[in-house]
Structure formats: C-alpha cells, structure tokens
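Comments concern the structure below.
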2 protein chains.
Amino acid sequence: MSENTSPRDFEGLKTLLAERREILPRRLQQVAEFAMAHPDEVAFGTAASIAALADVQPSTLVRFAKALGYAGFSDLQGVFRHRLRERWPDYEERLRTLNDVSHAGHDPLRLLFGFVESAATSLERMRQTISGDDLERAVDILARADTIYLLGQRRAFPIAAYLAYALPKLRLRSLLVDNVASLGPEQMAYAGPRDVLVAISFTPYTPFTVELARTAAEAGVPVIAITDSVFSPLRPHAEVWFEVVESDFGSFRSLSASLSLAMALAVAVGEKRAALPPKTGRG
Amino acid sequence: MSENTSPRDFEGLKTLLAERREILPRRLQQVAEFAMAHPDEVAFGTAASIAALADVQPSTLVRFAKALGYAGFSDLQGVFRHRLRERWPDYEERLRTLNDVSHAGHDPLRLLFGFVESAATSLERMRQTISGDDLERAVDILARADTIYLLGQRRAFPIAAYLAYALPKLRLRSLLVDNVASLGPEQMAYAGPRDVLVAISFTPYTPFTVELARTAAEAGVPVIAITDSVFSPLRPHAEVWFEVVESDFGSFRSLSASLSLAMALAVAVGEKRAALPPKTGRG
DNA sequence: GGCGGAATGGAAAATCCGTTCCCGTCGTGG
DNA sequence: CCACGACGGGAACGGATTTTCCATTCCGCC
C-alpha cells in the first residue's frame, strides 16, 4: 500500500484516476465515475449525501479516499473544494507553489513571480466580474463631460496620475486633483454638473478622497467611483461605481486591474467623444 | 421582529448589507466586511475557521446570520455556496462578444478585455526575461542606500508614485522627485554616493528624467534604471538596469509589468534591510 | 466443493461543528 | 449614581458527520 500518491489539485486527481480506475474495486470505480461526473456535489455535499447520490455506503467514500492516498474523505473533498475556489485553473498551481516557497527564503525573483501572479489573478477576476452595462454608462457620462476631474490619493494616486497622462493624449480635458499644497478643494472648486469626477479609493479609504467626492456630488458633479467593496464610502455618492478586487501578495495589493480599467475607460471615452457631435462650448 | 428579509442570492445579500451595515453592531459589521472580502472562505470554511479569520467568536457569526433574517449560520452559508455553484455563465458569452467581428463598434467591454490581455502578456513576458542576478544586485544596492530617490515622469510617473507610497510602509527612506514647480534638480541636490536613484523612463524617453539621471550618476549616485530597451539613454548611467517591454493595445501601453517589478523590488529591499545590521547613521 | 483473502454493507463510536445559553461589560438615559 | 438594555465573549450542549470496526458476501484458486 501507500505509495505517496495524493494529488493536491483536481487535474492531478483526474490523471491519477484515469490510470488507476481499472485496477480499482468495483464500488470504488463507481465512486470515481460519480466524482468525475458531479464534482460540485462532492465539493458541497456531506459524506452521507454524496454516498446516497452515488449509491454507495459512506464508508466506501472513505475507502476510496484512502485507496488514493488521502488521509480520509475530508482530505479528498478538500481537492474538490479547492478547484471551485480557484476558478482559473492556470494560476491555481502557480500561486500555491509560490506561497509555499515564499515562506522559506526571500528570493527576489520569487517575490517578483508572486506579484506577477497576483496581478494576473486580479486581471482575470476583473474580466469576469465587470459589468458591460456599468462600463457603458460610465463611458456615456464621461464622454459628455466638460472637464474630467481625477481624484485618487495614496495607493490610488498612480491610477489618477496615469489618467492625467492618458486623457489629454485623447484630446479630453482633464484635471488631476493631486492635493498639492492642500489645494485639493480649490482644484475642484469650479467643478459643476457638466463636469465629472473620477474618484478612486481603496480600503482603507482615504478620508480626503471621500470627503471631496461627497462635496462634489452635493455640488451636482456626477461621480464615477473605482473602489473595492460594496461598503466603500464612495458608493453613496457615485453615479456609477466599479468594484475592482485586487489580489494581494504578502500584504501588497496589485494595481493592474484598476489600471487596466482606467485605460479602457479612457480610450472608450476618447472613441465615444470622437463619434459625438462637436461640443458647443460651455454656458 | 423579522421582517422577511433574507435574500437567497449573493447579489441580494450584497445589496442588503450595503444598506444595513451602518445600523449593525460593531462585530457584525466586521463580519459583513470579512464576508464580502472573502466570500470563498465563507462558502467552504466552518463557523470556527471563519470566525478565527474574521477575528470574532463563532457565536457572532450566528448572530450575524439571524440579524439578517436567516435561520442560522448554515442557512446564510448556503447563499455563499450557491454563488460558487453558479458557473459564471456569461464568461463564454463575453469571450464570444470579444471575438465577434460584426460587433466591430466601440464596445467598452472589448477595450477592457484588450487591455487586460495586453497587461497579462506583459506580465508573462517579464516573468520570462527578468534576470534573477540583476534583481539581486539591485536589491543589494537599494538595501544599503541611505535615501532612495524616485524619478519617473509622464507615463513612468505612476510607478515612481507607487514606490513613494510603498517604500515608507516598509520603513525605507525615500523621496519622490516629482519635479513640482520644476524643483526636480533641487529635490535631488543632496543625493550622494550613499543614496540610490531609481530612474524610470520609457520611449520616448523624457529628457528631464535622462538628464537628471546623468547628473546624479556623475555625482556618484548609483542608478537603478527601469526602462524598455537596450538603447535607452538611461542605460549608460545605470549600475543595474531592467528591460521591461510592455505590450500595447491601441497605442496605449500597459504598466502592469513595471509596477509588479517595482513592488517586488520594494518588498525585497524591505526584507533585505530587515536582515541587515542596523545602520550607523550618515557620515 | 471448500478455503482464503479481498471487498462490501451496516452500524457503532468518535469527532467535529453549529447553536444556545449565560454572564460580564459597556454605554445610555433616568 | 443606578438601572436597563444592547452587545459580545466563551463554554457547554446537542446534533450531525466522519471514521472505524466487524460481520457478511463475493470471487478466484487449490
């Protein structure tokens, strides 16, 4: 017994089963087939419920797990659960190994790979969660704006700064509220309903950003928020808001997803504006 | 009590929490935040394990569930599990939209996918090309530095700004040369051989950045360059230089790879510095 | 046809887990 | 200053779930 075979990931298990199935006892084959056909059931069910569905005894599930080298049923079930957590099979394995090894030594290259992975994960997650409708609404508002005010402090500042670089290249009038010399409020003083504020803030939300966004909203300035949770204090003041959850690696969060979103917004607005009838000037 | 509020789906719960959070007791707020930030943990964990992660008592989880109108913790957990069963149905459809040529108009979602794609490509390419030796040399130099000067203008500015945010968090002395009021040269005036300059510039290389990097190098300041080609004018002045080639999408280049590199450098230096003998002060 | 070992079913036992309950604390209003 | 109620911590309870164990069955081999 017990060669040390117990794949931690679903793919490995799949492979193992493909090899072993023929040599397995009849009931265990039955379990194997059921497990591959209904992995979600295995992930969520209890031993009893799964056994009933697969038409075997609960004890058979335990035997199955042990025959494959797992500590018990729960251990095996962990593999099925893990699969559902990481909906992105490509990155699943990589991040695992990285987290394991990163505890060992601080090899700079390993850190780099870690940040690359968390950036990639953030990107993929955003791709799956951002709503096209929200995007279009935001683009619509932005395209009609006179001036686009850009507000992001601390960790969010790089994104605002990037927009301040990109928007003028697209011939869009924008103004970076960088709060230099604490002149943030003055920088925004003349923003009105025909303008837009893009406010960016992540946990822990910078009070200055929140406060200025609130003031702006009260002055009738439409607010587009890029933030990271439903609980964001920016949300109540925002016309449209985007939830971008960035993965972290060792307490430092990626910015890749937010930046990509910012770029997409900028270019989309640029294109839309080009298609719009020329503006007639303010007033 | 018990108005009949207990959304069966995740979106409904999200909305409910967004409304109710403020009127919830402190611990329950804490649970709400954790749940929204780590829905997968809630889906698979046990009450005890979730409680530990959220830093509350298991009983608080039950209170939380009941306060929201659920029968108990398990009932609430069902909502989180349900969410995972729902395969992201629109993902396939989204990809089809992306590849669908008839939809050739300016679909913002397609732009977003495009930028995500180019960011991912940049990340992957960097991962394959960055040299571990260069990284270690750079980390070594940075870890011994007195003050880390950060120089990046225009498109490179977000990276410098991010480092200015991250380095102090790692207890490293740094100074962002933002060139406000054209005071860049003065900001760097006292940099010397015991300091380091991190200079970041991409095609078309901002003359100001190149010039200041040259001056610094002549003053004996070690320079670490992040740039995008062997022909970069930064290279001649740099002790260590990184070539990061970012992919572009419609004339806008990603920043993800450079940012990940910056993060990795920062954290690696932080770790190395922690391992180094304490500094003896300048002079 | 009988024997032996593996496989299986089923139920008991041990474990784990969610829930409840009680008590101490804090803040508030009388 | 006290009384009250809401809140929160923690332990104990009861239920559910996994695991173990043993009797029985099945199957191949002598």
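Values below: every heavy atom of this structure, side chains too, minus hydrogens, waters and symmetry copies. So that the names make sense, note that chain A is the first sequence line, chain B the second, and so on, each numbered from 1. Treat the numbers as computed from the prediction; the structure is a model and nothing was measured.
- Listed pair A:Lys66 / D:dT20 meets the phosphate criterion, a side-chain N or O lying under 4.0 Å from OP1 or OP2.
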Review item, nucleotides 23-28 of chain C N/O atoms under 3.5 Å of protein N/O:
none

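- Side-chain atoms of A:Ser131 come within 3.5 Å of backbone N or O of A:Asp133 as a donor-acceptor pair.
- The list of salt bridge (Lys or Arg N to Asp or Glu O under 4.0 Å) pairs with a residue in residues 25-38 of chain A, not counting sequence neighbours, reads A:Arg21-A:Glu33.
- The ring pair (Phe, Tyr, Trp, His ring centres under 6.0 Å) test applied to B:Phe10 returns B:Phe80, not counting sequence neighbours.
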Identify the pairs formed between an N or O of the protein and an N or O of nucleotides 26-28 of chain D at a distance under 3.5 Å, and give each distance.
none

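- Under the salt bridge (Lys or Arg N to Asp or Glu O under 4.0 Å) criterion, the residue pairs touching residues 57-79 of chain A are A:Arg8-A:Asp75, with sequence neighbours excluded.
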Quick one: side chains of residues 228-235 of chain A, donor-acceptor pairs under 3.5 Å with protein atoms, not counting sequence neighbours, listed by atom name and distance.
{"from": "A:Asp228", "atom 1": "OD1", "to": "A:Thr203", "atom 2": "OG1", "distance (Å)": "3.2"}
{"from": "A:Asp228", "atom 1": "OD1", "to": "A:Tyr205", "atom 2": "OH", "distance (Å)": "2.9"}
{"from": "A:Asp228", "atom 1": "OD2", "to": "A:Thr203", "atom 2": "N", "distance (Å)": "3.0"}
{"from": "A:Asp228", "atom 1": "OD2", "to": "A:Thr203", "atom 2": "OG1", "distance (Å)": "2.8"}
{"from": "A:Ser229", "atom 1": "OG", "to": "A:Phe231", "atom 2": "N", "distance (Å)": "2.7"}
{"from": "A:Ser232", "atom 1": "OG", "to": "A:Thr227", "atom 2": "OG1", "distance (Å)": "2.9"}
{"from": "A:Ser232", "atom 1": "OG", "to": "A:Leu234", "atom 2": "N", "distance (Å)": "3.1"}
{"from": "A:Arg235", "atom 1": "NE", "to": "A:Val230", "atom 2": "O", "distance (Å)": "3.1"}

What N/O pairs connect the protein and nucleotides 11-13 of chain C at under 3.5 Å? Give each pair on its own line.
none

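- Proximity of a side-chain donor or acceptor of A:Glu246 to a complementary backbone N or O of A:Ser122 within less than 3.5 Å is not detected.
- Rounded to whole Å, atom C1' of C:dA7 lies 7 Å from atom CZ of A:Arg63.
- Rounded to an integer number of Å, the gap from CD of A:Gln30 to C1' of C:dG9 is 13 Å.
- In terms of heavy-atom proximity, A:Ser258 sits nearest to A:Ile159 at CB-CD1, 3.3 Å.
- Of the possible donor and acceptor atoms, one in the side chain of A:Gln77 sits under 3.5 Å from a partner among the backbone N and O of A:Val42.
- Across the protein-nucleic acid pair, A:Leu24 atom CG and C:dT8 atom C1' stand 14 Å apart, rounded to whole Å.
- For the pair A:Leu28 CG and C:dG9 C1', the computed distance is 13 Å after rounding to whole Å.
- For the pair A:Gly192 and A:Pro222, the tightest heavy-atom approach, listed with the atom from each and the gap, is O-CD, 4.3 Å.
- Using modelled atom types, no side-chain atom of B:Tyr70 and backbone atom of B:Val62 make a donor-acceptor pair closer than 3.5 Å.
- Residues satisfying the ring pair (Phe, Tyr, Trp, His ring centres under 6.0 Å) criterion with B:Phe73, sequence neighbours excluded, are absent altogether.
- Between A:Glu243 and B:Lys14 there is a salt bridge, since a side-chain N of the basic residue sits under 4.0 Å from a carboxylate O of the acidic one.
- B:Leu61 places its CG atom 14 Å from the C1' atom of C:dT20, with the value rounded to the nearest Å.
- Comparing C:dG9, C:dT19, C:dA7 by their nearest atom to the side chain of B:Val62 picks out C:dT19.
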Check residues 178-185 of chain A and write down every donor-acceptor pair under 3.5 Å in which the side-chain atom is one partner and the other belongs to a residue at least two apart or another chain.
{"from": "A:Asp178", "atom 1": "OD1", "to": "A:Val180", "atom 2": "N", "distance (Å)": "3.0"}
{"from": "A:Asp178", "atom 1": "OD1", "to": "A:Gln187", "atom 2": "NE2", "distance (Å)": "2.9"}
{"from": "A:Asn179", "atom 1": "OD1", "to": "A:Gly184", "atom 2": "N", "distance (Å)": "2.9"}

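- Within residues 44-56 of chain B, the residues approached by DNA chain C to less than 4.0 Å at the level of any non-hydrogen atom are B:Thr46, B:Ala47, B:Ala48, in residue-number order.
- Under the 4.0 Å criterion applied to side-chain N and carboxylate O atoms, A:Arg127 and B:Glu117 are assigned as salt-bridge partners.
- Remark: the B:Arg27 side chain and the D:dG9 base include no donor-acceptor N/O pair separated by less than 3.5 Å.
- For B:Arg81 and A:Asp40, the salt-bridge test fails: no basic side-chain N is under 4.0 Å from an acidic carboxylate O.
- Among residues at least two apart or in separate chains, ring-ring contact (aromatic ring centres under 6.0 Å, His included) pairs with a member in residues 12-66 of chain B are A:Phe44-B:Phe44, B:Phe34-B:His38.
- Residues of residues 73-80 of chain B having a heavy atom closer than 4.0 Å to DNA chain C, listed by number: B:Phe73, B:Ser74.
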